[in-house]
**Q** 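Dropping the structure in here first, questions after.
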Amino acid sequence: MTTRGKIVIGLLIVAALYFGINKLIASGAIFKKAETESVLLNSIELPAVTGGNRATVVVPLAPLPGTAPADKGTPVVWEVMAWNSQMAGMLANGGPRTTMGSALAANGLDLQIVRQDDVSKMQADLVKNAVDLQSNPATPGLIVSIMGDGLPAFSAVQAELQKTGTQLQLIPYSVGKSFGEDKLMGPKEWLDNPKTALGKTIACYLRDGDQNIALKWCADNGLKVNPDETTYDPEAVNFMAASDFLVAAEKYILGKPEARTKVVNGKNTGVKVDVVADAVATWTPGDVNIAKQRGGLVNIVSTKDYSNQMPNIMVTTKRWYDAHPKEVLGLMTAFAVAGDQVKAHPEALTRAADISATVYGDQDKPGAYWLKYYKGVSEADRNGEVVELGGSKAFNFSDNLSLFGLDEGGTNVYAAVYKTFGDVQKKLYPKELPNYVPLDQMLDLTPLKKLQAQYKGKTVAPAENQQFAADDEIRQSVSKRAWNIAFNSGQSTFTPAAERDLNQLFNDLVVAGRLKVAVHGHTDNTGDPAKNQQLSEDRAMAVQHWLETKSRSAFPDGRVQVYAHGATEPVASNATPDGKAKNRRVEVVLGN
């Protein structure tokens, strides 16, 4: 028999074993295991079809979950927003409540999924659940899913939880992320000239993920921000508060003006002006509503650009987490299994979309709607302008190892996201967020490491990693920002003071994981022009080397490119020491 024939027979045998096991799983026959064990449904070692290349691994299609309630298992409530990043969780559950034959039923959970778009209500519900658990440990646990970059602001609930004797705790697993659907939509001219956004107003839910997209875009382009939503600054980007992401879209669609007091240079002028929403930070269906009902806005920047910004992060209380290690591991296992299915098989994704439609309860938005905008589409708006709408990704087990830095040579991407946006919110809103909870006080990676050990030696589906082609220059710029990274005089070595700026740059670029990075070196006009040219290149290359040395996973070959300009592009007069200092700079451009 030929080698190819042996491989084919081997694949057929493995498939037969896999489907046989899953039929037993659906019947519940093989789950009389020790209570401390979780069920790894996809841990069968699959033969690699091209000599062991992990990129070729596809987990076989498992039987889809049934529709009848499982009616057994540890009860848990999962509050979610109407957000397509949860497709893997939907499939894992089989319906709004855990069904027979689902991955969660196989792992001993009875999960009820409840739509909740109000973040403040999620916080209040967590506090109430902590109190209920204190008086009755048999109370069903509560897990809420929020935008990962919004967790620093969400952590303000910690003070109330501590009064009940507990605190916030992350489930160390993410079911997916936003990949385009969360976005800043604005006038088309903002793309070519971000400074035209000054004096304009963005409607959004404040101090959460969508506003963070706008705030990062402003920071990346050096735009002043007015954080006070009750005033209007003609020299800054302003914000208009909305009660949720759909209301933010409505404020633009309806165009109703709001009265504001004008401020200039931080001083109240006493002059009243009317402002309208010129742009919106929202997500699906908000972006779809804008396109269909009014139009006129395009995507300025989204989570397809800032591709690491918004993982779906599950939060509970330490009281429930510590008391239920088996359930935590079972939840993560079920989501890992379903993540592979959703990513690999259209049938599984379609089923997950149908479940989403039932959970979210919008009668005019069937499963086909959620499926369409999960994938992301380009459609003409009401005015005929083509805009990108929707876009999310499901995560599998390997994606989670990458997210939390447990892959080989990896970086804790989520730690960079958390710090980046925690610092932004703390700086702009010191009254509302004087501090945020350090991530290491809420994140315990032990369960994920335990699953990693169980998967060791198995062939599993790989994570999705962005590939960058060498010398592929940026065609569409998203942002351009000058970084005053301090170098020793006349040298390409960093001063001690440069470390803080480099670490901030690192975190910012990790968040924008999909974008290419161009580092442009500049000098003042002191000295020989040829030497300045070389010095500007050496300094830009020093930044490139520092980033790539700190994290090869975040900065693979081809992502960072270097350009040297010497003293040829000054931004200030070289006649003064201050002007010379401004010209000795490194500019970082992000783009596609």
Side-chain angles (χ1 to χ4, degrees), residues 14 18 21-22 25 37-48 52-62 65 78 85-93 102-109 111 143 145 148 170-177 179 307-308 311-314 325-345 348-349 352 392-415 443-466 513 553:
V14 169
Y18 186 87
I21 289 171
N22 275 283
I25 287 169
E37 291 187 41
S38 60
V39 183
L40 289 174
L41 304 187
N42 59 349
S43 64
I44 298 171
E45 187 167 357
L46 302 173
N53 183 357
R54 292 182 65 214
T56 66
V57 174
V58 177
V59 174
L61 176 65
W78 184 25
S85 67
Q86 289 142 177
M87 286 293 190
M90 298 296 166
L91 183 69
N93 210 41
S102 67
L104 278 163
N107 281 276
L109 285 103
L111 185 74
I143 298 169
S145 269
L170 273 68
I171 304 293
Y173 193 90
S174 173
V175 292
K177 69 177 180 179
F179 189 68
S307 61
N308 288 327
N312 186 304
I313 294 295
M314 295 181 286
K326 179 174 74 76
E327 286 78 7
V328 169
L329 205 62
L331 186 83
M332 294 165 59
T333 300
F335 286 164
V337 170
D340 276 333
Q341 293 293 306
V342 165
K343 292 181 70 168
H345 301 290
L349 177 57
S392 276
K393 294 274 189 183
F395 277 167
N396 64 10
F397 179 70
S398 296
D399 290 318
N400 274 270
L401 296 183
S402 295
L403 177 65
F404 292 108
L406 296 184
D407 53 338
E408 185 177 354
T411 292
N412 190 328
V413 170
Y414 184 60
L443 179 60
D444 168 26
L445 292 177
T446 303
L448 188 57
K449 291 177 180 178
K450 185 174 182 179
L451 283 182
Q452 186 178 26
Q454 291 184 33
Y455 271 100
K456 189 174 182 179
K458 305 296 182 182
T459 304
V460 297
E464 287 190 27
N465 294 313
Q466 180 70 20
S553 61

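In what follows, every heavy atom counts, from backbone to side chain, and hydrogens, waters and symmetry copies are set aside.
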**Q** Rounded to the nearest 0.5 Å, what separates atom CE in M90 from atom CZ in F335?
**A**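 So the gap between those two atoms works out to 9.0 Å.
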
**Q** A338 and L91: which non-hydrogen atoms are nearest, and at how many Å?
**A**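 Minimum heavy-atom contact is O-CD2, 4.0 Å.
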
**Q** For A352 versus V342, what's the shortest heavy-atom pair and its separation?
**A**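 For A352 versus V342, the nearest heavy atoms are CB-CG2, 4.3 Å.
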
**Q** Look at D399 together with K343 and state whether they make a salt bridge at an N to O cut-off of under 4.0 Å.
**A**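 Yes, charged N to carboxylate O under 4.0 Å.
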
**Q** Roughly how far, to the nearest 0.5 Å, is CE of M332 from NZ of K450?
**A**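 Atom-to-atom, K450:NZ and M332:CE are 10.5 Å apart.
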
**Q** Hey, mind stepping through E464 and S402 against side chain to side chain contact (heavy atoms under 4.5 Å, CB included) and telling me if it holds?
**A** CA-CA 9 Å; E464 287 190 27; S402 295; over 6 Å; no

**Q** Is there a donor in the side chain of D444 and an acceptor in the side chain of T446, or the other way round, less than 3.5 Å apart?
**A**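 Per modelled atom types, D444 and T446 side chains form a pair under 3.5 Å.
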
**Q** Please check: side-chain N/O of Q341 versus main-chain N/O of P60, any donor-acceptor pairing under 3.5 Å?
**A**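 At least one qualifying donor-acceptor pair exists.
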
**Q** Minimum heavy-atom separation for N308 to G513, with atom names?
**A**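 Looking at all heavy atoms of both residues, the closest pair is ND2-CA, 3.5 Å.
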
**Q** Shortest non-hydrogen contact from P172 to L443?
**A**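 In this case the closest contact between P172 and L443 is CB-CD1, 4.2 Å.
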
**Q** Within this structure, what is the CG-CG distance for the pair L448 and L406, rounded to the nearest 0.5 Å?
**A**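 Nearest 0.5 Å value for the CG-CG distance: 5.0 Å.
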
**Q** If only atom types and distance count, is the side chain of N396 paired as donor or acceptor with the main-chain N or O of P462 below 3.5 Å?
**A**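 Yes, N396 side chain to P462 backbone: donor-acceptor pair under 3.5 Å.
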
**Q** Between N312 (side chain) and S145 (backbone), is there a donor-acceptor pair under 3.5 Å?
**A**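 No; judged by distance alone, with no hydrogens or angles, the pair does not exist.
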
**Q** Could you give the distance from CG (L403) to OG1 (T411), rounded to the nearest 0.5 Å?
**A**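 L403 atom CG to T411 atom OG1 measures 11.5 Å (nearest 0.5 Å).
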
**Q** Looking only at heavy atoms, what is the nearest atom pair of Y414 and G148, with distance?
**A**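 Minimum heavy-atom contact is OH-O, 2.7 Å.
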
**Q** Over all heavy atoms of both residues, which pair between G330 and L109 is shortest? Give the atoms and the distance, please.
**A**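 Heavy atoms only, the tightest pair is C-CD1, 3.9 Å.
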
**Q** Do L331 and I143 make a side-chain contact, defined as non-hydrogen atoms from C-beta onward lying under 4.5 Å apart?
**A**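 Answer yes - side chains close enough.
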
**Q** OH of Y173 to CD1 of I313: how many Å apart, nearest 0.5 Å?
**A**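 Rounded to the nearest 0.5 Å, the OH-CD1 separation comes to 11.5 Å.
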
**Q** Does the pair V57 and V460 meet the rule for a side chain to side chain contact (heavy atoms under 4.5 Å, CB included), with working shown?
**A** CA-CA 7 Å; V57 174; V460 297; 5.9 Å; no

**Q** Ignoring hydrogens and angles, tell me if any N or O in the side chain of N400 forms a donor-acceptor pair with the backbone of S174 under 3.5 Å.
**A**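 Flag set: sc N400 to bb S174 pair under 3.5 Å.
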
**Q** Do the ring planes of F397 and Y455 sit parallel (below 30°), tilted (30 to 60°) or perpendicular (above 60°)?
**A**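 Geometry flag for Y455 against F397: parallel rings.
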
**Q** For the NZ atom of K393 and the OG atom of S85, what is their distance to the nearest 0.5 Å?
**A**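 Here the interatomic distance stands at 13.0 Å.
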
